[in-house]
There are 2 protein chains.
Amino acid sequence: MVQALSRRDRVRAATTQEIIQTARRLLVEQGPEAVSLRAIAREMGMTAPALYRYFSSHEELLRFVVADIFTEVADHVRTAIHAVGSIEAADSADVADLMVLKMAAGCREFRAWALEHVPEFSMIFGSPMPGLEVLHEIQNDPTLDCGYQFGQVFLGLFGELYRRRPFAIPADDEIDPSLREQLAKYRQLVHSDLPLGALQTFLRCWVLLYGTVSLEVSGHLKFALDDASPMFELMLADMAPMVGLDQPLPRHN
Amino acid sequence: MVQALSRRDRVRAATTQEIIQTARRLLVEQGPEAVSLRAIAREMGMTAPALYRYFSSHEELLRFVVADIFTEVADHVRTAIHAVGSIEAADSADVADLMVLKMAAGCREFRAWALEHVPEFSMIFGSPMPGLEVLHEIQNDPTLDCGYQFGQVFLGLFGELYRRRPFAIPADDEIDPSLREQLAKYRQLVHSDLPLGALQTFLRCWVLLYGTVSLEVSGHLKFALDDASPMFELMLADMAPMVGLDQPLPRHN
DNA sequence: CGCACTGGTAAACGGTGTAAGCTTTACGAT
DNA sequence: ATCGTAAAGCTTACACCGTTTACCAGTGCG
């Protein structure tokens, strides 16, 4: 099924990638408004309409940029999780503890990456992309897949934590019926074998993590706090009991 | 000190208001990109440069729009809180319960307003406005005051709840020193007499509420849920113990 | 009356995304 | 090896955008 790439196709892919990277550089160096077709083309020694050979519109180009950012943050979080230690190297009794450490490391890395990459973070998690409703109908939307991959990083970790050291989750019949139905659909979508209650807990954790980081990064906490890191740690403390810990998610030094 | 407005000044204020309302209408009907000076002017039967008689730039106009939206959502929440019942009419024993109902009503109204006014919500709580850092140094920035007023609605309610039925809060020396310092500054800024621990709890509640609503409105929960209302209710259930309740924040019918 | 100010205009500058058409280059199949 | 074709540039053009400038019709006031 998969065709070997011809030389021309490889050149094309390389150029496509270069366009995306140029767009990202402009985003970081000069802000979101600077990411114009003309600016990108200028930066690459081309003219703006030439970019239409690679992307059908400005918006599509941006969606590829978003996808690129998504995979980067996913990689960062994955790496941070992995750096905590490997499961094989640990005593089987310590494995559960290790998973907890990985969880904390993943969350903290997510925040750290966000704070170091504010424009990128705003791009992928900021206000709804123009034409978001339509976006869900697009077939080859790269953001969907990359967003999915990103979610899998956290969900995979969460699932493993649950398997290694099961914590209290609501039984199926304790879950709001409407929510239960949606969770079932979601479980199927992400090919998970976790109980619905675990998925509910997972989503609650994600809301907590996203809300805290997003609020801090967007600057909408500045009215009260200059440095929101203590609030982030408090959030982690809130998250701990959700996954069956008495202690806040510990630091891994 | 306050001068009576001359007739001309009243006309001017009315026109200013009409510009803002036109901008809001365009925002709602045609999305954020449609709020251009030319479009506003066209809509009002004027030309774009005429708007410069009222606002010094496009961005300043937008900041006034944001301020307008802020006061509207604040009014909505305030009204919803008030509609639950007046304190005078209640038995003194029921007053505390009443405050809890008001709290729940305020949070739910905030979400309801956000869902009914997605473009406006994205405008005031979305990704950081271009040049946000500078924004804090502007003197007559209307968004600062209106954002403050908005915060006071929730903080006032929270404070009254705490006074009527004090709940467990961390003592000053249990608070992270860095956070304690910032909370002290914040308390002074908002002229509150609440203990620092209460302010910390308040901010945690706000992070929870904002994060949940923002995630839902921006559509970044769609990957899992079509209807996020059950998650919102779960969030309210999480919030309840923070303010000393065993039961989730009850509904007021 | 004359003067200054207010609130509008049109024109223009440099910027944007995008569409259309033309040219050159280079690959692939015959 | 050649020829057709498609890819990947280019230029030009259009309709927008925010903003500045210069100009002009009123209005209110000394």
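Chain letters run A, B, ... following the sequence lines, proteins first and then strands; every chain starts at 1. The structure displayed is predicted, hence computed values, not measured ones.
Between the C1' atom of C:dT16 and the CG atom of A:Leu61 lies a distance of 15 Å, rounded to the nearest Å. Remark: P of C:dG8 and CD1 of B:Ile19 are 8 Å apart, rounded to the nearest angstrom. The nearest whole Å value for the distance from the CZ atom in B:Arg42 to the P atom in D:dG18 is 10 Å. Rounded to whole Å, the distance from CD1 on B:Ile40 to P on C:dG8 is 14 Å. When rounded to the nearest whole Å, the span between CE of B:Met44 and C1' of C:dT9 equals 16 Å. Atom CD in B:Glu18 sits about 10 Å away from atom P in C:dG8, given to the nearest Å. When rounded to the nearest whole Å, the span between CZ of A:Arg10 and P of C:dC27 equals 11 Å. We find that CG of A:Leu37 is positioned 19 Å from P of D:dA15, with the value rounded to whole Å.
Near-neighbour residues of DNA chain C inside residues 45-54 of chain B, defined by a heavy atom below 4.0 Å, number-ordered: B:Gly45, B:Met46, B:Thr47, B:Pro49, B:Ala50, B:Arg53, B:Tyr54.
Where A:Ala39 and A:Ser56 meet DNA chain C, the nucleotide closest to each residue was compared, and A:Ala39 sits on the side nearer the 5' end. Taking for each of B:Arg12 and A:Ala34 the nucleotide of DNA chain C with the nearest heavy atom, the 5'-most of the two is the partner of B:Arg12. In terms of position along DNA chain D, the nucleotide closest to A:Val11 lies nearer the 5' end than the nucleotide closest to the other residue of the pair A:Val11 and B:Arg38.
Within 6.0 Å of CD in A:Glu109 there are more than 12 heavy atoms belonging to other residues, nucleotides or ligands.
Residues A:Val213 and A:Phe110 form a side-chain contact, since some pair of their non-hydrogen atoms from C-beta on lies under 4.5 Å apart. With contacts defined as side-chain heavy-atom distances shorter than 4.5 Å, the pair A:Arg25/A:Gln30 does not qualify.
Ring geometry for B:Trp206 versus B:Phe154: interplanar angle of 30 to 60°, hence tilted. Taking the six-membered ring for Trp and thresholds of 30 and 60 degrees, B:Phe125 and B:Phe70 have ring planes more than 60 degrees apart, a perpendicular arrangement.
Here B:Thr15 lies out of heavy-atom contact (under 4.0 Å) with every strand.
We find that B:Glu160 and B:Lys102 are not joined by a salt bridge, their nearest charged nitrogen and carboxylate oxygen being 4.0 Å or further apart.
Residues A:Ala48 and A:Arg38 approach most closely at CB-CG, 3.6 Å, considering heavy atoms.
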